[in-house]
Amino acid sequence: MNVTPPPPPIVNPSFILTLNNLFAVAQTKELETRNAITTSKTWTFEKTLGYGAYGLTMLLSDRDPLNLRPVRKVVLKRPLMPETGVDDFVREAEALRNLRGHAHIIQLINYTANVGDFRSRGGRLARAFRRVKAAFNNPPVNLFRALSYNHGGPAILSEYLENGSLVRVMERLFDRRDQLPNRILWSWYHCMVSACVALTYKKEGPEGGPLEREKPQANGEHYRLIHNDIAHRNMMVDQCEPMVRQHRLVPKLVMIDFGLARQAIPGDEIRSEQMNLTDINIMMLGLIIPRSAVVHAEDLRLARWNGMITQAACILNDDRLPYLDPDLQMLLAESFKCNDELEPYGRPSLEETFQRTRRGMRKPATSYSEALRILELDETVWMIMQNLIFDADDDDD
Ligand SMILES: Nc1ncnc2c1ncn2[C@@H]1O[C@H](COP(=O)(O)OP(=O)(O)OP(=O)(O)O)[C@@H](O)[C@H]1O
């Protein structure tokens, strides 16, 4: 019998992480980082937030023995193995630097391609002096320096958002057989669409600078960034903002994890916008029906509805979703519209979705029918947010 030999591996096999050893590698990396941070005495290792095929994401806090400043928490992301994923880190850092200053994007604090560059030549005295200085002012480079003694490779530092991701919200909705009022759905839809608008132009703001809400740009260079990993786990819940009308009751959402982000080629501006937007629209279906298994475009079912063919069948049954705002239902139905060949057709653009979600977000409780109004009142929205996010136990973290 003629047996064809297997093709040679494209990647050096020593760099391939199987699921079996991924956990062990992540644990070792965590221990290394924990030791380096503990030795430095200027930062504290709090916990590991997560790890994927390439990176380990950890929460650290600024150690302030004199209690001179508010404790600052930061997120540190490092590659699991120095040989792999470094390109993803460089791309992620570059995207975060370009997008810094956009209100719905996680804010980069600092980045280095190689923590080894921070290895200081000073002796014990210099180190002791730095430690004393750190009690007054502990800049993020101290962290890179702490990591530099035993390691090289890239590190990304970003702000920490303590309210978890939309996965947490979805799980709680599922457990409690609850549903989100339309005003929360509109508000979060608009946040996520704003994050997609952010991906169309660079902001390049300074570290710690003011954040600006995104606006579709009529002119200027298009950034054409495709996130490639838009999912509930990569949309974080921020704080409420008492001075911003739309986030007084409903906290802002912020997009994270740009490790897979790529810039589309010139000419592909609209395609890049539509790719990000489709992922957001799929996330919206999940927020409306947390029990639905819709997580990928392939899971969408087709329906004929109001003279169109749409893939949004799961939200068109009015008996199952009597509370859903017809305007929101219509926007999502149109966002999954297909032609007779079942290809995407006539879907609202990013700019149109931005304008329609903004109008939706601004609807007061009184604009809903009397039967629904109780769900949409400020008091109900506030109570649901407390319940799902701010007062929720941390047992499922
Ligand atoms: N800035 C942040 N604030 C709070 N939590 C964060 C932050 N960044 C990441 N996390 C948490 O850490 C987890 C992993 O982070 P991240 O998505 O950046 O890494 P990843 O290795 O690409 O993971 P994945 O492949 O699961 O997306 C996230 O799902 C989130 O829960």
Side-chain angles (χ1 to χ4, degrees), residues 17-19 21-23 25-30 33 43 45-62 71-82 84-97 99-111 140 143 153-172 191-192 195 198 207-208 211 226-239 251-262 276 279 282-283 286 295-296 389-390 392 394-397:
L17 280 181
T18 63
L19 269 186
N21 61 19
L22 180 63
F23 179 65
V25 173
Q27 261 190 329
T28 311
K29 193 81 194 171
E30 182 197 289
T33 311
W43 291 82
F45 185 100
E46 300 271 346
K47 61 178 174 179
T48 287
L49 295 168
Y51 60 89
Y54 292 122
L56 178 66
T57 309
M58 296 157 281
L59 173 64
L60 311 179
S61 62
D62 178 2
V71 173
R72 182 184 197 190
K73 293 196 173 188
V74 297
V75 171
L76 170 69
K77 201 167 169 178
R78 304 220 56 209
L80 280 182
M81 302 212 293
T84 49
V86 172
D87 291 350
D88 285 340
F89 269 77
V90 174
R91 265 191 290 262
E92 172 153 28
E94 201 175 300
L96 289 176
R97 195 175 288 143
L99 297 173
R100 187 155 60 190
H102 281 307
H104 293 90
I105 302 291
I106 195 73
Q107 296 301 298
L108 174 74
I109 296 174
N110 211 331
Y111 162 73
L143 196 49
I156 297 177
L157 271 185
S158 61
E159 64 171 337
Y160 172 60
L161 301 180
E162 62 186 341
N163 290 326
S165 72
L166 281 186
V167 169
R168 222 169 155 213
V169 172
M170 305 260 295
E171 284 169 357
R172 283 170 185 161
C191 282
M192 296 194 284
E207 197 237 306
L211 301 186
I226 305 172
H227 184 285
N228 279 322
D229 201 12
I230 293 179
H232 293 106
R233 70 176 187 289
N234 287 332
M235 205 55 82
M236 306 300 294
V237 180
D238 201 347
Q239 299 294 341
K252 185 176 81 170
L253 296 184
V254 170
M255 188 182 268
I256 64 164
D257 195 3
F258 287 77
L260 298 179
R262 300 286 182 273
N276 294 323
D279 289 343
I282 292 175
M283 285 176 65
V295 275
H296 300 297
I389 296 168
F390 301 114
D394 270 350
D395 54 352
D396 48 359
D397 279 347

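Remember, it's 1-based here, ligands and their atoms both numbered in the order they're listed.
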*State, to 0.1 Å, how close Y111 and A155 come at their nearest heavy-atom pair, and which atoms those are.*
CD1-O, 3.3 Å
*asked:* Looking at every non-hydrogen atom in both residues, tell me the closest pair between R78 and L76 and how far apart they are.
replied: CG-CG, 3.8 Å
*Ignoring hydrogens and geometry, is there a side-chain-to-backbone donor-acceptor pair from H232 to R168 under 3.5 Å?*
no
*Could you please spell out the steps behind the side-chain contact (heavy atoms from CB on, under 4.5 Å) verdict for F45 and L60?*
CA-CA 5 Å; F45 185 100; L60 311 179; 3.7 Å; yes
*Any N/O of E159 closer than 3.5 Å to an N/O of ligand 1?*
yes
*Sort out for me which residue in V74, L108, L96 forms a side chain to side chain contact (heavy atoms under 4.5 Å, CB included) with L157.*
V74
*Minimum heavy-atom separation for L80 to K29, with atom names?*
O-CD, 3.6 Å
*Contact summary for W43 and R72, nearest pair of heavy atoms*: CZ3-O, 4.3 Å
*Name the closest protein heavy atom to atom 21 (O) of ligand 1, giving the residue it belongs to and the distance to 0.1 Å.*
G52 N, 3.2 Å
*ligand 1 atoms in contact with G55 (distance to a heavy atom under 4.0 Å)*: 21 (O)
*Worked verdict on N234 versus M255 for side-chain contact (heavy atoms from CB on, under 4.5 Å)*: CA-CA 6 Å; N234 287 332; M255 188 182 268; 5.8 Å; no
*Can you name the closest pair of heavy atoms from D238 and N163 and give their distance?*
O-ND2, 3.0 Å
*May I ask which of D257, I256, T57 has a heavy atom nearer to atom 30 (C) of ligand 1 than the others do?*
I256
*Check each atom of ligand 1 against the heavy atoms of I106 and keep those under 4.0 Å away; list them by number with element.*
1 (N)
*How does N234 reach ligand 1, by side chain, by backbone, by both or by neither, if only non-hydrogen atoms under 4.0 Å count?*
side chain
*Where is the nearest protein heavy atom to atom 4 (C) of ligand 1: which residue, which atom, and how far?*
L161 O, 3.1 Å
*Where is the nearest protein heavy atom to atom 18 (O) of ligand 1: which residue, which atom, and how far?*
K77 NZ, 2.9 Å
_Give me the residue, atom name and distance of the protein heavy atom closest to atom 13 (C) of ligand 1._
L49 O, 4.0 Å
_Distance from atom 5 (N) of ligand 1 to nearest protein heavy atom, with residue and atom_ = M236 CE, 3.4 Å
_salt_bridge(D88, K77) N-O dist < 4.0 Å_ = no
_Show me which atoms of ligand 1 lie under 4.0 Å from any heavy atom of R233._
24 (P), 26 (O), 27 (O), 29 (O)
*What atoms of ligand 1 come closer than 4.0 angstrom to any heavy atom of Y160?*
3 (N), 4 (C)
*asked:* If I apply the N/O under 3.5 Å rule, does Y51 come out as touching ligand 1?
replied: no
*Report yes if some N/O of V75 lies less than 3.5 Å from some N/O of ligand 1; otherwise report no.*
no
*Heavy-atom gap G259 to ligand 1 smaller than 4.0 Å*: no
